[in-house]
2 protein chains.
Amino acid sequence: MIRRLGSAARLSTTEQHALRKLPVATRTFEAQQDIIYGDGTSLHSCVVLDGWTCCYQLLTEGKRQILSIHVPGDMPDLQGLHLPQPDFSMAAITRAVVAFVPHTTLRQLSDGSPTIAAALWRETLITAAIHRAWITSLGRRDARQRFAHLICELYLRLEAAGLASDHTMWMPLRQPDLADALGLTSVHVNRTMRALRLEGLIDLRSRQLVIQDWAGLRALAAFNPQYLRLLDQVVSSSA
Amino acid sequence: MIRRLGSAARLSTTEQHALRKLPVATRTFEAQQDIIYGDGTSLHSCVVLDGWTCCYQLLTEGKRQILSIHVPGDMPDLQGLHLPQPDFSMAAITRAVVAFVPHTTLRQLSDGSPTIAAALWRETLITAAIHRAWITSLGRRDARQRFAHLICELYLRLEAAGLASDHTMWMPLRQPDLADALGLTSVHVNRTMRALRLEGLIDLRSRQLVIQDWAGLRALAAFNPQYLRLLDQVVSSSA
DNA sequence: GACTGGAACTAACCTATGATACCACAACGG
DNA sequence: CCGTTGTGGTATCATAGGTTAGTTCCAGTC
């Protein structure tokens, strides 16, 4: 399970060993249940082991904006390492299994090994790059393009994690969730999905999403996967 | 000048000394000029010494989304340390003086000192937190709220940097720039500004912005400054 | 087989924002 | 003194997307 931590970077065997020995506490959350509520102080970072989760912010009048979506292997909460008060909440989308690692041990580990620090740091930087892509989507793309962009991103991330192939993926996000991620209403998500289906781009039924025209979807979104850094070599530490 | 680097964190004197000795190359850019163009590989991080800059992404059809705005003292490009190919471009808003530090030396420095690494890492995490606030603005706030939120953020950041006081600030962003930051058109920025002026919240003339009703503006945006971490103590390294 | 509760889906209407086009003004140069 | 250029400002119309209020379609389950 915890091997996934190391799989994100190319580490020496001793470092991999140290990561494997990390004390973790796993916990299962039901769909929709909050994992972190953005008020208190967070003392642990977490790794999603199974299921999907998301980070979100609430506004007055109960509006919700989803900030990021996580699939197994993601480490959504690394920012707590150096900013102990989270500025967001985190919730399970599906039933999800999450592993928690105390900040203190993680900080000791990264203080002791610049390579591990760089690998974790890099994870947080990729998160920021994904944030930037979302900003651009929300600010300058219309509903169809936004939707297409999100699907492209999620599919490639799942494929890289070995959780999807053949342009087919599990899609547990419900229409209201998609709405909160895309800055739309669920009604308009529905309209938009129908449009994409009629154009022969995607087909979504009973949680199963098939991308029927990957090239078309990618062109619609003007999707450039570079920001996800799925193929990068990690920058070798100069130490 | 470079003292600003250290001012972001509380470092030991030896570490401050090391920072001061960093080899830097300063360069002046004209307003609107590109500082980084998001294609190549970046070998330097930069510090804004004077003037304002921004990061942006371009879309097909020439649409532009501004991702972040930087004032003197900010280090917009730290992510290049571990992700060498930037996913965005960076441009000067006003005439701006920027200092460049080679990634290699900065990486050596942070490999040698976990405290410096943590301080720099923390900067990138704050950037990500600002990204999240923008995502929420773009996704779930209307034009007036978005505008108000941006003004609150910029004013507090400037005030913290000692560059604004008395609810008065220099505002070099033009209406088309604001439009690209807020995901609106310049026409609608103009409408929105007039609305806020008529409500007695702000007054902007000839680059000088006066916040006439701070409480009202803050309430309109539902602004919570916590994400900017202007008052935090830095987490002490466990090393 | 009827009943429930949660999605997905639709339709009717409304509004915030976009698109286009134009005017006003100030700064500047010849 | 007159053009030119950039920026702010306004009006008019068009439309993407929001709002409200449903109906339909299941998968359980009693």
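Residue numbers begin at 1 in each chain, while the letters A, B, ... track the order of the sequences.
In this model, a donor atom of one side chain and an acceptor atom of the other lie less than 3.5 Å apart for A:Q79 and B:R132. The closest side-chain donor-acceptor pair between B:S137 and B:R141 falls under 3.5 angstrom.
Atom-to-atom, CZ of B:R191 to P of C:dA16 comes out at 11 Å; the value is rounded to the nearest Å. Between the C1' atom of D:dG8 and the CG atom of B:L173 lies a distance of 15 Å, rounded to the nearest Å. One interatomic measurement links the two molecules: CG of B:D177 to P of D:dG6, which rounds to 14 Å at whole-angstrom precision. Atom C1' of nucleotide D:dG18 and atom CD of B:Q145 are separated by 14 Å, given to the nearest angstrom. Following rounding to the nearest Å, B:L184 (CG) and D:dG8 (P) show an atom-to-atom distance of 15 Å. One can place CG of B:L178 at 15 Å from C1' of D:dG9, the figure rounded to the nearest angstrom. Spacing between atom CE of A:M193 and atom P of C:dA7 amounts to 14 Å, rounded to whole angstrom units. Whole-Å rounding puts the A:R146 CZ to D:dA16 C1' distance at 10 Å.
Between D:dG9 and B:R197, a contact under 4.0 Å exists linking OP1 or OP2 to a side-chain N or O. Distances shown here put a side-chain N or O of A:R194 below 4.0 Å from the OP1 or OP2 atom of C:dT10. For D:dG9, the OP1/OP2 oxygens have a side-chain nitrogen or oxygen of B:Q175 closer than 4.0 Å. Within the structure, a side-chain polar atom (N or O) of B:N190 is placed less than 4.0 Å from OP1 or OP2 of D:dG9.
Using a cut-off of 4.0 Å between Lys/Arg side-chain N and Asp/Glu carboxylate O, A:R64 and A:D177 are scored as salt-bridged.
With distances taken from any side-chain atom of A:P176 to the nucleotides C:dA19, D:dG17, C:dA8, the minimum falls on C:dA8. Listed nucleotides: C:dG18, D:dG9, D:dG18. Nearest to the side chain of A:H188: D:dG18. The side chain of A:R207 lies closest to C:dA7, out of C:dA7, D:dG17, C:dG18.
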Show your working on side chain to side chain donor-acceptor pair (under 3.5 Å) between A:H149 and A:R146 and close with a plain yes or no. CA-CA 5 Å; A:H149 200 276; A:R146 260 183 244 180; over 6 Å; no
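Side-chain atoms of A:S186 and A:R174, non-hydrogen and from C-beta on, never get closer than 4.5 Å to each other.
Residue A:T185 is in base contact, counting any heavy-atom pair closer than 4.0 Å across all strands shown.
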Protein-nucleotides 20-24 of chain D N/O pairs closer than 3.5 Å?
none

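Checking side-chain atoms of B:E159 against main-chain N and O of B:L156 turns up no donor-acceptor pair under 3.5 Å.
Side chain A:R144 to base D:dG17: no donor-acceptor pair is found below 3.5 Å.
If you find the closest nucleotide of DNA chain C to A:S186 and to B:R141, the one lying nearer the 5' end belongs to A:S186. Toward the 5′ end of DNA chain D lies the nearest nucleotide of B:Q32, the other residue of the pair B:R140 and B:Q32 mapping further downstream.
Around the CZ atom of B:R207, the shell of radius 6.0 Å holds more than 12 heavy atoms that belong to other residues, nucleotides or ligands.
For the side-chain contact (heavy atoms from CB on, under 4.5 Å) with A:C152, the lone residue among A:N224, A:L220, A:L228, A:L217 that qualifies is A:L217.
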